[in-house]
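Worth saying up front: this structure is predicted, and the values here are computed from it rather than measured.
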Amino acid sequence: MLAYLDHHATTPCDPAVVAAMAPWWNDHFGNPSSRLHRPSLEAAAALELARSRVAAAVGGRAEGVIFTSGATEAANLALKGVAEAAEERRERRRGLVTLATEHRAVLDPLAWLARRGFPLTVLPVQPDGLVDLEQLAAAVGPDTLLVSVMAANNEIGVLQPLAAIGALCRDRGALFHCDGAQAVGHIPLAMEELGIDLLGISGHKLYGPKGVGALVRRPGVALAAQQHGGGQEGGLRAGTVPVPLVVGLGAALELALADREARAERLGALRDQLWEALEALGGMTLNGHPSARLAHNLNVGVGGVDGTRLHQLLRRHLAVSSGSACSQGSPSHVLAALGRSRQEAAASIRFGLGRATQAAEVTAAIAAVDGAVAELRRTP
Ligand SMILES: Cc1ncc(COP(=O)(O)O)c(C=O)c1O
C-alpha cells in the first residue's frame, strides 16, 4: 500500500463533488453567457448558485467572486490587476510588501511588477515561520499599495495572524491580498471580518476539481482585467466559465464547511501521533510553529541523513513531499527562510493528511521513516 500523505500538493476530488458536477457536462451543457434560452439560463443559475456558495464560505459578497482557473491565476489577477488599476489612476501608492515564505504564485507576479517599477519589499519571517508584526508595521507606509500574506503556508502549514495584518493594512490605507489556497475549507476564514480585500481560492486543495478557483474581491477594490475578451465575470476575467468546475468548487466548499471542524480535530490527533512517534526516533526537528499551523500539516527535518537517499527510500511506501522543489532540485525557499541549510531542507519531509487518512496510513508513515532512517544512519 502506498500511503498518500501529500494533501498540500493536491486532494482527490470528493465523490460527492464528482456527483454534483455530473449533470453539467452533457445533460445541462448550456453556455451561461448566452441567456437567450433555457439551457443557457439553467447554466447561468448554476453559476450564480456556485458564486453565492463561494462567497458564503469565505464571508465575502457574491458580486465579488471572480472565477479563475485556480489560485495561481487568482494571485496574478489580484496583484497585477491592483497594480495596473493604481497606475491607470496615477496613484501615489505603488509599494508592494510580502513575505519570503509566500508561494511562487505570489512571489513571481510581485517580482514581475517590481521589474516594472513597483517597489517591492520581501520581509523575512521569524524562525517559526510567522510574520514579525513590528517589522511589517515598519514596512507598510503611506506609499504602500498592497500587502500580500498567505493564510496558511503550503509547506510548513503555518497560519499567519490575518486579523492583525488586516487591521494594520486598514489603518495605513493599504490593500490586503491573501492567498487562501491552503486555508479555505480547512480553517474558518471570514474575509470581511479579517480585513482581507482580495482572497485567492483553489478547488483542488479542498477536495474539488482541478482547473478552477476564485478571486474574491471586496466590492470597491479597483482591479484591472488581466484577460480580455467576451466580458465574462464582470469584465474581469474573459472566457466561457466552466460550469461543471464551478459547480464542483461550490459543492466542495459546502462539504468542506460541513466537516471542517471534525476533520481538523481528527487529523490534528493523527498528526500529533505522527510527530510524537517521529520525535522518539531522535534527531528530528519540527519545521514551523508548533501550534499556529494547519491541523493536517507536519513538516519534519531528519537529522544526519542525506535528503535524496531518504526520499528515494520513502517513495516506495509513501507519497510525501520533500524540502526541495522536485522539478528543479532547488532547496525550498520556505525552509531557507526559516534558516535551514540546503542539506537540512533536502532532508525534510512534508506530510499532508487528508479527509481519507486513517491511522493505518500514519502507522505506515512511521514505519517507513523509521526503516529509512535506520538504514541511512547505519550506512551513512
Ligand atoms: C499556497 C498556494 N498558493 C497557490 C497555489 C497555486 O494553486 P493552483 O494550483 O490552484 O494554481 C498553491 C498550490 O500549490 C499553493 O499551495
Is a side-chain donor or acceptor of [X] paired with a backbone partner of [Y] at a separation under 3.5 angstrom?
X      : Y      : answer
Ser40  : Asn31  : yes
Gln232 : Gly239 : yes
Arg266 : Arg355 : yes
Glu375 : Ala372 : no
Thr10  : His204 : yes
Thr68  : Gly70  : yes
Asp197 : Phe176 : yes
Ser332 : Val334 : yes
His186 : Ala264 : no
Thr98  : Ser148 : yes

Looking at every heavy atom in both [X] and [Y], which two are closest together, and how far apart are they?
X      : Y      : value
Val54  : Ala214 : CG1-CB, 4.3 Å
Leu99  : Pro124 : CD2-O, 4.5 Å
Asn299 : Ser348 : OD1-CB, 3.9 Å
Thr144 : Ala139 : OG1-O, 3.7 Å
Pro32  : Ala44  : O-CB, 3.6 Å
Leu146 : Val82  : CD1-CG1, 3.9 Å

Within-4.5 Å side-chain heavy-atom neighbours: [X] and [Y]:
X      : Y      : answer
Phe67  : Glu233 : yes
Glu344 : Thr285 : no
Pro188 : Arg260 : yes
Pro142 : Arg92  : yes
Val147 : Arg172 : no
Leu335 : Ile156 : yes
Lys205 : Asn154 : no
Leu278 : Leu298 : yes

ask   = Parallel under 30°, tilted from 30 to 60°, perpendicular over 60°: which one fits the rings of Trp24 and His28?
value =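 Judged by the thresholds at 30° and 60°, the geometry between Trp24 and His28 is tilted.
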ask   = Within a radius of less than 6.0 Å around CD of Glu261, do more than 12 heavy atoms belonging to other residues, nucleotides or ligands occur?
value =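 No, because the 6.0 Å sphere around CD of Glu261 holds 12 heavy atoms or fewer from other groups.
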query = Is the count of non-hydrogen atoms from other residues, nucleotides or ligands lying under 6.0 Å from Glu193 atom CD greater than 12?
reply =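 Not more than 12 within 6.0 Å, no.
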key: Verdict with supporting geometry, His333 and Arg104, side-chain contact (heavy atoms from CB on, under 4.5 Å)   = CA-CA 9 Å; His333 69 281; Arg104 294 242 75 93; 3.8 Å; yes
ask   = Checking side chain to side chain contact (heavy atoms under 4.5 Å, CB included) against Leu77, which of Ile66, Leu198, Thr72 comes through?
value =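 Of all the options given, the one that passes is Ile66.
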key: Partner of Leu376 by side chain to side chain contact (heavy atoms under 4.5 Å, CB included), out of Leu313, Val302, Asp306   =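 So, applying the side chain to side chain contact (heavy atoms under 4.5 Å, CB included) to Leu376 and each of Leu313, Val302, Asp306, only Leu313 qualifies.
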Electrostatic pair [X]:[Y] at N-O distance under 4.0 angstrom:
X     : Y      : answer
Arg94 : Asp143 : no
Glu87 : Arg116 : no
Arg61 : Glu192 : yes

key: ILVMFWY network linking Leu168 to Leu189, side-chain heavy atoms under 4.5 angstrom   =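 Per the 4.5 Å side-chain linkage, Leu168 and Leu189 are co-clustered.
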request  = Examine Leu110 and Leu123 and state if one hydrophobic cluster contains both, with Ile, Leu, Val, Met, Phe, Trp and Tyr joined whenever side-chain heavy atoms are less than 4.5 Å apart.
outcome  =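 As far as the 4.5 Å side-chain criterion goes, Leu123 and Leu110 are not connected within one cluster.
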request  = Start with the C-alpha distance between Val149 and Glu102, add both sets of side-chain angles, then the distance that settles side-chain contact (heavy atoms from CB on, under 4.5 Å), and finish with yes or no.
outcome  = CA-CA 7 Å; Val149 175; Glu102 292 295 305; 4.1 Å; yes
query = So which pairs with a foot in residues 122-141 pass side chain to side chain donor-acceptor pair (under 3.5 Å), sequence neighbours left out?
reply =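 Side chain to side chain donor-acceptor pair (under 3.5 Å) check on residues 122-141 returns no pairs.
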task = Decide whether Ser69 and Glu73 meet the rule of one side-chain donor and one side-chain acceptor closer than 3.5 Å.
result =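 The criterion, which ignores hydrogens and geometry beyond distance, is satisfied for Glu73 and Ser69.
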request  = Show the numbers, then the answer: is there a side-chain contact (heavy atoms from CB on, under 4.5 Å) between Gln182 and His103?
outcome  = CA-CA 10 Å; Gln182 295 286 343; His103 193 273; over 6 Å; no
key: From CA spacing to verdict: side-chain contact (heavy atoms from CB on, under 4.5 Å), Ile349, Leu310   = CA-CA 9 Å; Ile349 313 170; Leu310 172 69; 4.1 Å; yes
